[in-house]
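Report on the structure given below.
Positions are given from 1 along the sequence.
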Amino acid sequence: MTKRIWEDLLTERDKQVISAAGYDKEGASSWESRGMGTNPMVLVIDMQRLVVGEDEPILDAVEEYRTAMGEIAWDAIDHIGPFLEFARDHEVPVTYTRVVPSSYDDPDHEDLDIVDAVAPSEGETVIDKSYASAFYGTDLLSRLVRGGHDSVIIVGNSTSGCVRATAIDAQQNGFNVVLPQECVFDRIEASHKVALMDLWMKYAEVLERDEVESWVEGIDE
C-alpha cells in the first residue's frame, strides 16, 4: 500500500473527510477520474540544468540559478534515472519536455539542456514548451493519439506547477495519469505534498515507484 507522504499535513478532520468520502479506497475518487490504462507513455517534465542545478543544498544551488533545486532534484533523479531505464526495457516510450523561458534569446543555451543523468536516448522526442502544461501550444496530444496511448506516467518537476498542469490537462483530454511519487519534486516541501494530495484526490493515481513498475510489468503479461 502506498505511503501517503502528505498525511503529516492533515488535520484529524481532514483524515475523517478523506475516509468518509472514500478517497482512500482503491480506485475511488470524487470525479471517478483515477485509473491506470494499458498503453502508457512516460513524460519527463523539464529536467534542465537551470532547474536541477548542482547536487548541493538548495540554498547553495540557487546562487548559480535562482530556479535550481539542487539536492531536492538529485534525490528525485536517483529514482527517475532507473525508472526511465526500466520503461525503455519494457518498451514504454519516453517523451521529454523542455521549457524555454522568454528571457532566453537562444533556445540552444546550455542552461536549457536536459541534465546528462536523465538525458534522452537516441530517437526520443524532446518537446519545447513555453507554458506550464506540456499540452498547451505543443503537439503532445497528437503524439499520444497517434501512438494509441491511454495513459501517461509523469516524472520531473515541479509537482505544484508543470507536473500538476500537465496531469490535469492529460486527464481532461481523456488519459489516465500515473505519478510515481519519488520521481516528482518541488522546491517547497509543503507545495509538493499538497499538490500530490490534490492530484491523488481528483486526477491521478499517485503510487510508489515500485508499484508503478509492477503495473507496467503486468501490462506485458
Is the backbone of Tyr131 close enough, under 3.5 Å, to the side chain of Lys129 for a donor and an acceptor to pair up by distance?
-> yes

Evaluate the side chain to side chain contact (heavy atoms under 4.5 Å, CB included) criterion for residues Arg143 and Ile127: first the C-alpha distance (whole Å), next the side-chain angles of each, then the deciding distance (0.1 Å), finally the verdict.
-> CA-CA 11 Å; Arg143 291 177 179 275; Ile127 297 173; 4.0 Å; yes

Are side-chain heavy atoms of Asn176 and Glu205 found at a separation under 4.5 Å?
-> no

Under 4.5 Å between any side-chain heavy atoms of Ser191 and Thr159, yes or no?
-> no

State plainly whether one hydrophobic cluster holds both Met41 and Tyr203, where clusters connect Ile, Leu, Val, Met, Phe, Trp and Tyr through side-chain heavy atoms under 4.5 angstrom apart.
-> yes

Look at atom CG of Asp116 and say whether more than 12 heavy atoms of other residues, nucleotides or ligands are closer to it than 6.0 Å.
-> no

His79 and Pro82: which non-hydrogen atoms are nearest, and at how many Å?
-> O-CD, 3.4 Å

With sequence neighbours excluded, what pairs up with Glu182 under the side-chain hydrogen bond (donor to acceptor under 3.5 Å, both in side chains) test?
-> none

Locate the shortest heavy-atom distance separating Ala87 from Val42; write the atom from each residue and the value.
-> CB-CG2, 3.9 Å

Go through the structure and list residues passing side-chain contact (heavy atoms from CB on, under 4.5 Å) with Ala167, not counting sequence neighbours.
-> Ile154, Val177, Leu199

Ser133 backbone acceptor or donor facing Asp169 side chain under 3.5 Å = no

Report yes if the side chains of Met201 and Asp198 come closer than 4.5 Å at any heavy-atom pair, otherwise no.
-> no

Side chain to side chain, Thr67 and Arg187, heavy atoms closer than 4.5 Å | yes

Do Glu213 and Phe83 have side-chain heavy atoms sitting under 4.5 Å apart?
-> yes

For residues 52-65, the side-chain hydrogen bond (donor to acceptor under 3.5 Å, both in side chains) pairs (sequence neighbours left out) are Tyr65-Asp111

Nearest heavy-atom contact between Asp106 and Leu112 is O-CD1, 3.8 Å

Please assess Leu43 against Thr97 for the test side chain to side chain contact (heavy atoms under 4.5 Å, CB included), listing each intermediate value before the final yes or no.
-> CA-CA 7 Å; Leu43 298 179; Thr97 69; 5.7 Å; no

With a 3.5 Å cut-off and no angle check, do the side chains of Arg88 and Ser121 form a donor-acceptor pair?
-> yes

Side-chain donor or acceptor of Asp150 paired with backbone N/O of Thr38 under 3.5 Å = yes

Which atoms form the tightest heavy-atom contact between Asp186 and Gly161, and what is the distance?
-> OD2-N, 4.5 Å

Neighbour count above 12 (heavy atom, 6.0 Å) for Arg13 CZ = no

Take Trp74 and Val52, measure what side chain to side chain contact (heavy atoms under 4.5 Å, CB included) needs, and give me the verdict at the end.
-> CA-CA 7 Å; Trp74 286 96; Val52 173; 3.3 Å; yes

How many angstroms lie between atom CD of Gln48 and atom CZ of Arg98, to the nearest 0.5 angstrom?
-> 6.5 Å

Give a yes or no on this: more than 12 heavy atoms of other residues, nucleotides or ligands lie within 6.0 Å of atom OH of Tyr104.
-> yes

Phe86, Val118: one ILVMFWY side-chain cluster at the under-4.5 Å cut-off?
-> yes

NE2 (His192) and CG (Leu9) are apart, to the nearest 0.5 Å, by 10.5 Å

How many angstroms lie between atom CG of Asp89 and atom CD of Glu217, to the nearest 0.5 angstrom?
-> 10.5 Å

State whether a side-chain donor-acceptor pair under 3.5 Å links Thr11 with Asp14.
-> yes

Would Val184 end up clustered with Ile188 when hydrophobic side chains under 4.5 Å apart are linked, directly or stepwise?
-> no

For the pair Arg4 (side chain) and Met197 (backbone), establish whether a donor and an acceptor sit closer than 3.5 Å, ignoring hydrogens and angles.
-> no

Determine whether Leu50 and Val126 fall in the same hydrophobic cluster, where Ile, Leu, Val, Met, Phe, Trp and Tyr are linked whenever their side-chain heavy atoms lie under 4.5 Å apart.
-> yes

Are Leu140 and Leu144 side-chain neighbours, meaning at least one heavy-atom pair lies under 4.5 Å?
-> yes

Could you list the residues that satisfy side-chain contact (heavy atoms from CB on, under 4.5 Å) with Leu141, not counting sequence neighbours?
-> Phe135, Val145, Asn173, Phe175

Any donor-acceptor pair under 3.5 Å linking the side chain of Thr166 with the backbone of Ala134?
-> yes

Does the side chain of Ile45 come within less than 4.5 Å of Asn157's, by heavy atoms?
-> no

Do Leu84 and Tyr96 touch side chain to side chain, with heavy atoms closer than 4.5 Å?
-> yes

Hey, any chance Val194 and Met69 share a hydrophobic cluster, counting ILVMFWY side chains that come within less than 4.5 Å of each other, even indirectly?
-> no

Do any N or O atoms from the side chain of Ser19 and from the backbone of Lys15 form a donor-acceptor pair under 3.5 angstrom?
-> no

Interatomic distance, SG@Cys183 vs CG@Asp78, rounded to 0.5 Å, equals 10.0 Å

Under the salt bridge (charged side-chain N to carboxylate O under 4.0 Å, His left out) test, which residues partner Glu189, sequence neighbours left out?
-> Lys193

Between Met36 and Leu207, does a side chain to side chain contact (heavy atoms under 4.5 Å, CB included) hold up when you go through it step by step?
-> CA-CA 11 Å; Met36 301 289 279; Leu207 302 169; 3.6 Å; yes

For Asn39 and Gly147, the nearest pair of non-hydrogen atoms, with its separation, is ND2-O, 3.3 Å

Closest approach of Gly53 to Ala68 (non-hydrogen atoms, all atoms of both residues) = CA-CB, 3.9 Å

Just jot down the ring-ring contact (aromatic ring centres under 6.0 Å, His included) partners of Trp215, sequence neighbours excluded, or say none.
-> none

